[in-house]
Each structure stands twice: as structure tokens, then as C-alpha cells.
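Inspection log for the structure reproduced underneath, given as C-alpha cells.
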Amino acid sequence: MTEPLSLYIHWPFCLAKCPYCDFNSHVRDEIPQKRFAAALRRELAHDAARLGRRPLRSIFFGGGTPSLMAPETVAALIEDAHQLFDAEPDLEITLEANPTSVEAGKFAAFRQAGVNRVSLGVQSLRDDALKMLGREHSSGQAIRALEIARTLFPRISFDLIYARPGQSDADWQNELSTALDLVADHLSLYQLTIEPGTKFEALHRRGELTLPDAEDAARLYDLTGDTAAKHGLLPYEVSNYARPGAESRHNLTYWRYADYIGIGPGAHGRLTLDGELYATRRHRAPEPWADRVEKTGSGSTDETLLSAEERGREALLMGLRLSEGINEARFAERTGRPMEECVDPFMLEACLEENYLTRDGGILKATGEGRLRLEALLARLVT
């Protein structure tokens with residue numbers, strides 16, 4: 001297997017648990033930096049030993065809040081990856097960071113460690129919205145973090161959350177324009193949703209939190225595309241906009257259904273071993289994960305051989321999120337099944353007739369109207 005792979009490293013710790021978040025993140029009074037650094041390095045070495053010297057396309061430090069990591073841990077993991085794999089000359093190394101003053105103060109050290117792309121969890125540039133979202137930073141800190149990042153990193157992305165309670169078109173356009181004026185490289189956009197088990201779910205259930213309806217949310221989404229386009233950013237995926245050439249290579253690995261290693265608590269992966277594709281998963285809880293790694297070299301709890309049907313379903317669910325769509329020849333090679341065997345033929349025909357999907361030159365992709373309805377379409381299209 002010579003196709004490049006990507007590496008995801010999960011750091012599970014946060015300063016506080018955001019009320020909307022259902023990610024695998026944990027708050028600790030004191031973060032055991034040395035223990036988790038050693039465990040991550042050992043788990044990476046364990047996976048590399050069975051994969052061999054595969055080409056490496058990207059590294060992504062996600063979380064949790066990876067900017068709470070010691071910079072020397074980041075540097076050690078990057079160095080290990082270079083030693084264990086054949087890094088591509090333009091290896092993309094991304095670190096997610098929150099724009100608090102403490103974390104922004106470490107940006108120079110992360111850059112020195114080898115990080116060449118930072119993804120900032122800005123979420124909003126309005127102080128009232130940040131307070132509602134339970135964020136630990138102010139709008140001023142977010143702007144300052146963007147300014148600092150711009151002087152240090154070749155590539156910058158930032159996250160924003162839209163469809164917040166009471167959000168108007170004008171407020172959203174002003175907020176988005178301000179952020180894009182500061183950093184017009186890459187934007188990840190997330191609609192505020194109610195996730196099970198979160199604080200927001202309890203508030204919503206009691207009628208204390210009301211979100212915009214579907215029509216208002218769709219209008220805000222359309223407004224995002226118009227505003228981003230004025231700054232030279234195009235939608236290359238349902239929730240991601242970038243200048244041409246600034247797309248996230250790491251996330252494209254997921255959406256193009258390529259191989260990636262996932263290490264750290266709760267991390268998932270897709271790995272080709274002996275010609276078969278496996279889904280991998282690590283133990284979610286940080287301390288039990290570390291216990292497993294210290295005993296066996298890996299915190300793995302599950303490694304499942306994926307059937308052709310499962311591969312086809314996953315490749316469709318991921319690939320149709322991309323503006324470029326799915327190359328049907330590569331789809332068949334990767335999944336072992338032709339496209340026709342993985343979709344409902346009547347639903348496919350209906351989607352093509354309604355111009356929600358197009359199929360031309362061996363490429364199946366969703367149109368702009370189709371991406372607005374993608375979740376509903378996929379539920380009926382994919383068999």
C-alpha cells in the first residue's frame with residue numbers, strides 16, 4: 001500500500017465543557033502532560049510498526065483543546081512521525097487552538113515545533129454570543145489571536161457557529177466579514193444544533209433555548225457563501241470554504257475516503273492492512289486509554305473489517321459532501337462495488353431529475369441545492 005495516509009492525534013482535555021459540545025473532551029484540574037505525551041508517542045510507534053513506511057500527507061492535532069498541550073509534546077510527535085513515515089515535502093501539520101490569551105501566547109512555540117497550519121476555535125466575534133456559547137475567550141481575544149496567528153503561520157483556518165438564537169442576517173454578515181477581513185484563507189462553518197447529553201439539550205427541552213427555524217438557518221447559510229465568495233473563498237465541502245489551494249488536506253483525506261491513523265482517547269481510523277480496510281477505534285476515557293497503551297502499546301478497543309457494503313455506504317456519505325463529488329472509478333476501486341450497487345436507483349434518478357445531483361464524466365456530485373438538503377437526500381439515497 002503506497003497511497004499516502006494521514007495522522008490524527010486526539011488531545012482530550014479542555015479548560016471547560018462547552019454547553020453545545022458532544023465531542024470526546026474532558027476537564028481536569030491538572031492535566032497529566034508527561035503521561036499522555038508518552039502514551040501518544042508509544043501508540044503512534046505501535047501503529048507505525050504494522051503499517052510500514054507509508055507516505056504521510058498530513059498531521060492533525062485535534063481535541064479537546066490541543067493548544068493546551070506542551071509545545072515540546074507537539075514537537076516530539078511531529079519528529080516521531082517524520083522518523084516513522086515518509087513525510088511528503090509539503091506535509092500539512094494542523095493544530096486546533098482556542099484564542100484565549102494563555103494559548104495564543106504559545107503560538108510561537110507551536111510554530112517552532114513544526115506546526116504550519118492553525119485552526120482557531122473563534123466561534124463568534126460577539127461577546128454576548130461567546131458568553132451564551134460558554135466560551136472562555138472574548139471577541140477582543142479572538143481578534144488578537146487571529147492577528148498573532150497571521151504573523152506566525154503560513155496557513156490559518158477559523159471556526160464560526162451560526163444559526164444562534166436571535167441571530168439576524170445583518171449581524172451575521174458583519175461578524176463574518178470582520179473575521180474574513182482578518183484572515184481570508186479557510187473557514188469552517190457549523191450550524192448550532194442540539195446534541196444529546198449536552199447542557200443545551202436540557203435548556204432546549206425546558207423551552208429555555210430556541211434556535212432559528214430551518215428556513216432562517218438556510219438563509220444564513222446562503223449568506224455565508226455570498227460573503228465568503230466576496231473574500232475569495234469557495235465552498236469545497238458543505239461546511240468548509242477556502243481560497244483555491246488552501247483547502248484542508250487532512251480533512252480531504254476523510255471526505256475522499258483515504259487511509260488515516262487515529263491515535264489518542266476516542267480516536268477513530270480507517271486503515272488498509274493486508275489489502276483489507278479496517279475501522280479502528282480507541283478507548284474513549286483518557287485514563288483507561290492510557291492504561292491500555294502502557295500495558296499493550298495500544299489503546300484500541302475495536303478493529304473491524306469493513307464489508308464492501310459498509311465501504312460503499314461510508315464513501316458515499318463522505319464524498320457527496322465535497323463540491324468536487326465522487327470519482328466513480330476510484331469509488332469502485334476503494335469499495336469493491338460499483339456505484340449502482342450502493343444507491344437506491346429510483347432515488348438516484350429522482351435526485352438527478354430534480355437537479356439535486358449531477359452525474360457527468362464518471363463524477364457524481366451534489367449541486368448547491370442538493371447540498372442544502374444533503375442529510376435528507378443521503379438518508380434515502382444510500383442503501
Side-chain angles (χ1 to χ4, degrees), residues 1-11 40-41 44 47-48 51 53-67 69 71 73-97 106-122 145-146 148-159 183-189 232-237 239-264 267-271 318-319 321-324:
M1 186 72 181
T2 58
E3 185 175 295
L5 54 76
S6 291
L7 168 62
Y8 175 80
I9 301 171
H10 189 77
W11 186 258
L40 286 168
R41 296 183 68 185
L44 176 58
D47 265 27
L51 288 170
R53 294 194 63 84
R54 293 270 302 270
L56 184 65
R57 171 181 290 127
S58 64
I59 303 172
F60 194 102
F61 292 88
T65 308
S67 48
M69 296 176 75
T73 299
V74 174
L77 285 161
I78 292 172
E79 177 61 25
D80 288 352
H82 277 276
Q83 294 294 325
L84 295 166
F85 300 103
D86 291 327
E88 294 188 338
D90 57 349
L91 178 67
E92 177 188 87
I93 306 176
T94 303
L95 183 133
E96 290 184 332
K106 296 161 66 177
F107 284 0
F110 289 131
R111 179 70 185 105
Q112 188 174 7
V115 174
N116 54 28
R117 182 176 182 272
V118 66
S119 178
L120 290 172
V122 172
L146 287 167
I148 295 171
R150 188 170 55 182
T151 68
L152 292 170
F153 297 97
R155 299 175 60 202
I156 302 168
S157 178
F158 62 91
D159 300 348
V183 182
D185 183 10
H186 187 285
L187 163 68
S188 293
L189 180 71
L233 278 72
L234 303 177
Y236 71 99
E237 191 268 347
S239 300
N240 286 270
Y241 304 76
R243 285 188 179 278
E247 300 86 354
S248 169
R249 295 172 212 156
H250 184 86
N251 287 337
L252 283 171
T253 294
Y254 303 149
W255 297 319
R256 289 172 176 166
Y257 205 51
D259 274 18
Y260 63 97
I261 306 171
I263 66 168
H268 290 248
R270 292 293 182 274
L271 293 175
M318 300 301 285
R321 296 181 62 86
L322 286 170
S323 298
E324 71 184 24

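For the single chain, residues carry numbers from 1 onward in sequence order. No hydrogens, no waters, no symmetry mates; every other heavy atom, side chains included, goes into these values.
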Keeping [X] on the side-chain end and [Y] on the backbone end, is there a donor-acceptor pair under 3.5 Å?
X	Y	value
Lys106	Ser67	yes
Arg155	Ala246	yes
Arg53	Phe85	yes
Glu3	Asp259	no
Glu88	Asp90	no
Ser6	His250	no

Within this structure, what is the [atom1]-[atom2] distance for the pair [X] and [Y], rounded to the nearest 0.5 Å?
X	Y	atom1	atom2	answer
Asp159	Leu189	CG	CG	9.5 Å
Arg249	Thr94	CZ	OG1	9.0 Å
Ile59	Tyr8	CD1	OH	13.5 Å
Tyr260	Leu271	OH	CG	9.0 Å
Phe158	Asp185	CZ	CG	9.5 Å
Ile261	Ile9	CD1	CD1	9.0 Å

Quick one: closest heavy-atom pair of [X] and [Y], and the distance?
X	Y	answer
Gly262	Ala267	C-CB, 3.4 Å
Pro154	Asn116	CD-O, 3.3 Å
Ser58	Leu91	N-CD1, 3.5 Å
Gly63	Glu96	N-OE1, 3.2 Å
His186	Glu247	CD2-CA, 4.2 Å
Leu44	Ala81	CD2-N, 4.2 Å

### Query
Is the closest side-chain heavy-atom distance between Leu252 and Leu322 below 4.5 Å?
yes
#### Entry: Any side-chain heavy-atom pair of Ser248 and Tyr236 under 4.5 Å
yes
### Message
Applying side chain to side chain contact (heavy atoms under 4.5 Å, CB included) to Phe107 and Leu120, what does each step give before you reach the verdict?
### Response
CA-CA 11 Å; Phe107 284 0; Leu120 290 172; 3.6 Å; yes
## Note on the structure
Which of Asp80, Leu84, Ile78, Asp86 passes side-chain contact (heavy atoms from CB on, under 4.5 Å) with His82? Answer is Ile78
### Pair His268 and Tyr254, ring centroids less than 6.0 Å apart
no
### Query
For Leu51 and Leu5, what are the C-alpha separation, side-chain angles and deciding distance, and is it a side chain to side chain contact (heavy atoms under 4.5 Å, CB included)?
CA-CA 10 Å; Leu51 288 170; Leu5 54 76; 4.2 Å; yes
### Query
Can you check side chain to side chain contact (heavy atoms under 4.5 Å, CB included) on Leu152 and Phe110, steps first, answer last?
CA-CA 10 Å; Leu152 292 170; Phe110 289 131; over 6 Å; no
#### Entry: Residue Gln112 excluded, over 12 heavy atoms near CD under 6.0 Å
no
### Task
Apply side chain to side chain contact (heavy atoms under 4.5 Å, CB included) to Thr253 and Arg57, showing your working.
CA-CA 9 Å; Thr253 294; Arg57 171 181 290 127; 3.8 Å; yes
